There are 2 protein chains.
Amino acid sequence: MVTSEKPASRPQSLCFNVYAKDCPTRMVLDRLGDKWALLVLDRLQNDVVRFNALKRDIHGISQKVLSQVLKNLERDGLILRTAYPTVPVTVEYSLKPLGTTLIEAVSSLTHWAETHMSEIQAAQHLYDASKG
Amino acid sequence: MVTSEKPASRPQSLCFNVYAKDCPTRMVLDRLGDKWALLVLDRLQNDVVRFNALKRDIHGISQKVLSQVLKNLERDGLILRTAYPTVPVTVEYSLKPLGTTLIEAVSSLTHWAETHMSEIQAAQHLYDASKG
DNA sequence: CTGTATCCTCATTGATACTG
DNA sequence: CAGTATCAATGAGGATACAG
């Protein structure tokens with residue numbers, strides 16, 4: 001796609017180049033865009049949790065999606081997967097330090113959400129009322 | 001779905017109840033999950049921009065998606081749409097204060113991304129090498 | 001210029017069944 | 001218990017054409 005080029009006049013506030021596919025911002029947002037990933041990270045924040053416990057706690061997630069999410073998070077170095085050779089096998093997931101720092105960064109966003117949610121809802125009602 | 005109930009032992013770090021559909025965190029993440037919305041907000045951070053300028057600057061976005069995104073952001077009270085009755089019509093989009101605060105909150109995430117991206121990539125390479 | 005409408009494709013997801 | 005495999009359905013998103 002685009003390799004560089006954006007209106008040159010203003011500072012690159014979000015990212016060196018938000019249009020580049022390899023932009024860090026894009027990647028983090030993709031990760032957050034996965035609505036389940038963050039719930040998994042959150043659930044692991046203070047606990048070591050097994051696969052089925054995650055599935056049970058994060059209500060609504062399917063087995064397939066959970067295993068996908070876990071694989072991605074593990075690949076990113078955010079969580080640790082530990083398998084014990086019991087019968088049947090036991091697998092535990094836990095947060096790595098990198099995952100911990102991400103959760104901490106995210107909390108500023110959640111704080112924003114809690115603070116401004118009422119404003120957003122008010123704006124939505126206003127908008128809906130005026131537009132039909 | 002689930003109305004309450006989650007392992008009660010640990011603090012509700014992310015949200016009062018991440019399983020509830022009306023959880024603020026969910027909503028903000030949904031908004032961020034829309035990969036284009038943030039690019040639009042970013043582009044508006046210091047400028048007032050017209051529709052086609054946005055379309056041109058945010059390379060790869062389609063007309064349809066751009067208009068959807070703009071409508072959502074306007075509905076949320078994050079941006080302001082101003083139409084001038086010229087011929088042909090002129091429409092300008094700008095950031096409202098609420099949108100500005102969101103962008104600021106997001107910047108902590110982008111900072112995390114820039115700081116830790118190399119660690120993630122290293123982890124990915126390690127993972128790919130070990131798993132084939 | 002600023003959109004809306006339509007069609008179409010492709011990726012994500014859920015459900016289900018099966019394996020080590 | 002902890003996944004993988006397969007299939008069907010749903011919907012987001014692109015391309016294109018058209019309208020105010």
Side-chain angles (χ1 to χ4, degrees), chain A residues 1-2 7 18-19 21 26-27 29-40 43-44 47-75 79-94 127 130-132, chain B residues 1-2 19 21 26-27 29-40 43-44 47-75 79-94 127 130-132:
Chain A
M1 314 272 166
V2 163
V18 281
Y19 304 128
K21 285 194 299 291
R26 278 288 185 91
M27 194 181 151
L29 294 178
D30 284 351
R31 177 69 58 240
L32 295 180
D34 183 346
K35 72 172 178 177
W36 299 114
L38 218 57
L39 296 181
V40 170
R43 182 64 190 83
L44 293 178
D47 299 321
V48 173
V49 190
R50 293 170 63 174
F51 185 88
N52 275 343
L54 284 171
K55 184 173 177 332
R56 195 177 338 107
D57 293 343
I58 303 176
H59 195 92
I61 196 170
S62 70
Q63 225 170 17
K64 188 174 77 172
V65 171
L66 178 56
S67 74
Q68 280 174 0
V69 168
L70 288 170
K71 213 178 289 184
N72 285 334
L73 293 175
E74 188 197 357
R75 179 171 181 267
I79 68 174
L80 178 67
R81 178 187 185 275
T82 313
Y84 300 99
T86 54
V87 178
V89 62
T90 300
V91 179
E92 286 181 350
Y93 291 93
S94 59
Y127 183 93
S130 69
K131 304 277 177 165
Chain B
M1 310 267 166
V2 162
Y19 305 127
K21 285 194 299 292
R26 279 287 184 91
M27 194 182 150
L29 294 178
D30 284 352
R31 177 68 58 240
L32 296 180
D34 183 345
K35 72 173 179 176
W36 298 115
L38 218 57
L39 296 180
V40 170
R43 182 63 189 85
L44 294 178
D47 298 321
V48 173
V49 190
R50 294 171 61 175
F51 186 88
N52 274 344
L54 284 171
K55 184 173 176 332
R56 194 178 338 106
D57 292 343
I58 303 176
H59 196 92
I61 196 169
S62 71
Q63 228 170 13
K64 188 176 75 171
V65 170
L66 178 56
S67 73
Q68 279 175 1
V69 168
L70 288 170
K71 213 178 289 184
N72 285 334
L73 293 175
E74 188 197 357
R75 179 171 181 267
I79 67 173
L80 178 68
R81 177 187 186 275
T82 313
Y84 301 99
T86 54
V87 178
V89 63
T90 300
V91 179
E92 287 181 349
Y93 291 93
S94 59
Y127 182 94
S130 69
K131 305 276 177 164

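Throughout, protein chains are lettered first and strands after them, A, B, ... in sequence-line order, and every chain is numbered starting at 1. Just so it is clear, the values below take in all heavy atoms, side chains as well, and ignore hydrogens, waters and symmetry mates. Please read all numbers here as calculations on a predicted model, not as lab measurements.
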Does K64(A) reach a base, just sugar-phosphate, or nothing at all? Heavy atoms under 4.0 Å.
base

Specify the closest pair of heavy atoms between A53(B) and V49(B), including all atoms of both residues, with the distance to one decimal.
CB-CG1, 3.4 Å

Can you check the L66(A) CG to dC1(D) P distance for me, whole Å?
14 Å

Minimum-distance nucleotide to R81(A) side chain [options: dT2(C), dA15(D), dG3(D)]:
dG3(D)

Taking every heavy atom of L70(B) against every heavy atom of F51(B), the minimum-distance pair comes out as CD1-CD1, 3.7 Å

L70(A) has an atom CG; how far is it from atom P of dC1(D), in whole Å?
16 Å

Shortest non-hydrogen pair, I61(B) vs I58(B), comes out as CG2-O, 3.1 Å

If I take atom CZ in residue R50(B) and atom P in nucleotide dC1(C), what distance separates them, rounded to the nearest angstrom?
7 Å

For P88(A) and Q68(B), find the nucleotide of DNA chain C closest to each by heavy atoms; which residue's nucleotide sits nearer the 5' end?
Q68(B)

V40(B) side chain reached by R43(B) side chain, heavy atoms, under 4.5 Å:
no

What is the distance, to the nearest angstrom, from the NZ atom on K55(A) to the C1' atom on dA2(D)?
12 Å

Considering every strand and a 4.0 Å limit on heavy-atom distances, what is the contact class for K71(A): base, sugar-phosphate, or nothing?
sugar-phosphate

Base, sugar-phosphate or nothing for Y84(A)? Non-hydrogen atoms, less than 4.0 Å.
nothing

Least distance between heavy atoms, A37(A) atom then V69(A) atom:
CA-CG1, 3.6 Å

Going from NZ on K71(A) to OH on Y127(B), what distance comes out if it is rounded to the nearest 0.5 angstrom?
6.0 Å

Round to a whole Å and report the spacing from CD1 of I58(A) to P of dG14(C).
13 Å

Within the pair Y93(A) and dG3(D), is there a side-chain N or O less than 4.0 Å away from OP1 or OP2?
yes

Measure from CG on N72(A) to P on dT13(C) and round the result to the nearest Å.
10 Å

Return the value, rounded to whole Å, for the distance between atom CD1 of I61(A) and atom C1' of dT12(C).
13 Å

Looking at every strand, decide which applies to V89(A) at a 4.0 Å heavy-atom threshold: base, sugar-phosphate, or nothing.
base

Least distance between heavy atoms, E92(A) atom then V48(A) atom
OE1-CG1, 3.4 Å

For the helix from dC1(C)-dG20(D) to dG20(C)-dC1(D), figure out the bend between the end axes, five pairs an end, and round to 10 degrees.
50°

Calculate the interatomic distance between Q63(A) atom CD and dC7(D) atom P; express it in whole Å.
18 Å

Taking only the side-chain heavy atoms of S67(B) (C-beta and beyond), determine which of dG3(D), dG14(D), dT4(C) contains the nearest atom.
dT4(C)

Between dC1(D), dG14(D), dT6(D), which nucleotide gets closest to the side-chain atoms of N52(A)?
dC1(D)

